[in-house]
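What follows is a short report on a single structure.
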Amino acid sequence: MKDLSVKTIWREAQGLAGEEVRVQGWVRTIRNSKNFSFMELNDGSFFKNLQVVFDPSLPDYEEIAKSGVGTSVMVEGELVESPAPKQPVELHAGYIKIIGTSPEDYPLQKKRHTFEYLRTIAHLRPRTNTFSAVFRLRHLLAYAFHRFFHEQGFVYVHTPLITGSDCEGAGEMFRVTTLDLGDVPKNEEGRIDFSKDFFGKETNLTVSGQLNVETFCQAFGKVYTFGPAFRAENSNTPRHLSELWMIEPEIAFADLNDDMELAEAMVKDVFGFVLREAPEEMEFFNSFIQKGILEKMEKVVASDFGRITYTEAIQALKAAKKEFQFPVEWGCDLQTEHERFLSEEVFGRPVFVTDYPKEIKAFYMRLNDDEKTVAAMDLLVPGVGELIGGSQREERHDVLLKRIRDMGLNESDYWWYLDLRKYGSTPHAGFGIGFERALMALTGMENIRDVIPFPRVPKNAEF
RNA sequence: UCCUCCGUAGCUCAACGGUAGAGCAACCGGCUGUUAACCGGUUUGUUGCUGGUUCGAGUCCGGCCGGGGGAGCCA
């Protein structure tokens with residue numbers, strides 16, 4: 001008697017007919033006949049179910065035949081070639097043991113549910129077809145990123161989640177404190193006395209690991225982070241989370257061009273890996289979630305990404321016959337409608353937009369020789385939008401210091417970041433990619449809350 | 001945070017200001033190598049909460065809570 005997963009049975013069906021096997025899983029549905037019954041069994045290893053055939057010769061047949069959706073069972077029996085075309089083999093049960101019953105108030109029915117409803121039962125939704133596929137892909141994609149970077153010689157760095165300074169750039173942060181909020185200690189000025197707090201200073205959850213990972217970049221050359229980031233912005237959209245996962249590679253002795261080459265190679269590699277490893281899931285997304293997503297992703301993997309400067313992009317948008325809701329002017333930030341037009345209509349493939357005006361980008365981005373633009377790049381993907389944002393970093397101490405001062409930032413907050421430019425500074429570059437956004441692109445799922453196990457968003461931290 | 005739509009049975013939705021209904025699910029029975037099984041029958045409600053208008057409120061008005069979509073911010 002072999003213990004087999006449903007995945008193994010499907011993938012190795014030809015050689016398994018006649019085998020005595022044991023499978024454990026959860027009942028998706030049972031169809032009863034007078035003389036025998038069919039059970040759809042899913043053990044989480046595979047997108048598809050195993051069809052179990054059982055009849056009244058089994059002890060407890062009545063109880064088993066009546067057991068509800070969600071019941072957990074152990075089935076022993078013989079694998080037999082299936083007479084029906086929908087599955088190569090089926091399991092003829094010789095023994096079925098009910099492990100855990102599932103009463104009739106089980107919230108998941110054998111019918112289609114809305115994603116909104118399933119979000120309210122996030123503890124049960126991984127048992128559904130869609131979320132089974134989503135979260136198996138989430139695992140594969142995470143693995144694909146690590147695999148890619150490892151094979152390219154990168155070192156994975158765990159940057160801190162608690163940060164002691166407010167110098168990570170824009171974005172509201174979550175306060176981290178052990179102070180008694182009902183009785184907060186105050187200093188002479190009547191302000192909160194953070195010297196009494198756990199770390200002796202004001203601390204927050206990180207919004208990005210970039211500044212920290214740059215320090216390791218200047219020691220290991222090629223590094224990346226892959227971890228959570230936290231944004232306390234009151235963003236209520238299908239594309240934002242308060243707790244999200246980001247991947248942020250950083251490479252030394254590299255310029256913006258190297259950065260884009262890395263980004264392009266990475267996107268093609270990780271997406272290509274998932275397409276190869278999860279064909280059943282991708283077929284499901286293509287059929288039921290977003291028609292054409294498979295072809296779109298195959299195109300992303302195969303195409304050469306376009307490249308255009310911000311200045312050229314503005315010219316292209318101005319020359320376009322299309323009427324935009326927001327007018328285009330050099331110096332303005334590109335709106336969603338502009339980004340879509342560029343990637344979907346002008347290029348029809350992923351495109352890097354580079355060299356943005358310095359006023360609309362972060363202080364650490366390298367100032368170009370024109371002194372008006374910085375060496376930044378955004379990757380725009382058709383049907384997805386901005387997937388990656390990155391830049392060459394300012395490696396010149398004096399230029400960086402001037403930028404910090406010009407933007408009204410407190411230079412003492414950046415002492416260690418500036419030190420990197422003092423001791424053996426190198427041209428270097430990096431980018432950030434939102435893990436959930438990448439997963440949305442790959443699956444065609446339209447709400448970011450449906451590609452993370454337990455979404456945290458304003459007004460909701462259930463589960 | 002702003003704009004907008006929504007909240008009715010377990011789920012998806014209907015109901016002109018006149019005492020709440022359908023499909024599916026569930027349950028009972030039947031039938032068939034079934035696979036979103038099929039056929040017949042049965043059960044299901046503090047209409048999100050709260051205050052108001054009215055003879056009468058699921059329906060109209062105010063407040064609150066929650067959800068969807070769009071915008072901004074971004075990943």
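Each chain gets a letter, A, B and so on, in the order the sequences are listed, and its residues count up from 1.
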> If you look at every strand shown and take non-hydrogen atoms under 4.0 Å, does A:Arg119 touch a base, only sugar-phosphate, or nothing?
Replying inline: sugar-phosphate

> What is the distance from CZ of A:Phe115 to C1' of B:rC11, rounded to the nearest Å?
Replying inline: 15 Å

> Ignoring hydrogens and angles, are the base of B:rC11 and the side chain of A:His113 linked by a donor-acceptor pair under 3.5 Å?
Replying inline: no

>> What contact category does A:Phe38 fall into here, base, sugar-phosphate, or nothing, at under 4.0 angstrom with non-hydrogen atoms?
In response: base

> When we call it a touch if two heavy atoms are under 4.0 Å apart, what does A:Thr114 touch: a base, just sugar-phosphate, or nothing?
Replying inline: sugar-phosphate

> With distance as the sole criterion, do the side chain of A:Lys111 and the base of B:rC11 form a donor-acceptor contact below 3.5 Å?
Replying inline: yes

> Across the strands shown, which category fits A:Pro83 at heavy-atom distances under 4.0 angstrom: base, sugar-phosphate, nothing?
Replying inline: base

> Once you round it to whole Å, what is the distance between P of B:rA26 and CD of A:Glu104?
Replying inline: 10 Å

> Under 3.5 Å, is there an N or O donor on one side and an acceptor on the other linking the side chain of A:Ser235 and the base of B:rC74?
Replying inline: no

> A:Tyr117 OH to B:rG66 P: how many Å, rounded?
Replying inline: 20 Å

>> Base, sugar-phosphate or nothing for A:Asn447? Non-hydrogen atoms, less than 4.0 Å.
In response: sugar-phosphate

>> Is there, by distance only and without an angle test, a donor paired with an acceptor across the side chain of A:Asn236 and the base of B:rU1 below 3.5 Å?
In response: yes

>> I want to check something: taking the side chain as every heavy atom from C-beta on, are A:Lys459 and A:Asn236 in contact at a cut-off of under 4.5 Å?
In response: no

>> At less than 3.5 Å, do the side-chain atoms of A:Glu233 and the base atoms of B:rU1 form a donor-acceptor pair?
In response: no

>> In whole Å, measure the gap between the C1' atoms of B:rG58 and B:rA15 for me.
In response: 9 Å

>> Once you apply a heavy-atom cut-off of 4.0 Å, does A:Glu436 come out as touching a base, just sugar-phosphate, or nothing?
In response: nothing

> Under 4.0 angstrom, heavy atoms only, what part of the nucleic acid is A:Leu387 near: base, sugar-phosphate, or nothing?
Replying inline: sugar-phosphate

>> Measuring only the C1' atom in each nucleotide, how far is B:rC11 from B:rG56? A whole number of Å is fine.
In response: 32 Å

>> On the nucleotide B:rU35, are OP1 or OP2 found under 4.0 Å from the side-chain N or O atoms that A:Arg31 carries?
In response: no

> Does any donor-acceptor pair link the side chain of A:Ser33 with the base of B:rU34 at a separation under 3.5 Å?
Replying inline: no

>> Roughly how many Å apart are B:rG40 and B:rC5, using the P atom of each and rounding to a whole number?
In response: 41 Å

>> Does A:Glu116 reach a base, just sugar-phosphate, or nothing at all? Heavy atoms under 4.0 Å.
In response: sugar-phosphate

>> On the nucleotide B:rG68, are OP1 or OP2 found under 4.0 Å from the side-chain N or O atoms that A:Arg449 carries?
In response: yes

>> Need one value for A:Asn234: base, sugar-phosphate or nothing, where a base atom within 4.0 Å counts as base even if backbone is also close, heavy atoms only.
In response: base

> When rounded to the nearest Å, what value does the distance between C1' atoms of B:rC38 and B:rG45 take?
Replying inline: 30 Å

>> Requiring both pairing distances under 3.5 angstrom, list the stems that contain RNA chain B and are made of three or more consecutive Watson-Crick or G-U pairs.
In response: B:1-7 with B:65-71, B:10-13 with B:21-24, B:26-30 with B:38-42, B:48-52 with B:60-64

> Is the base of B:rG33 touched by the side chain of A:Glu90 through a donor-acceptor pair closer than 3.5 angstrom?
Replying inline: yes

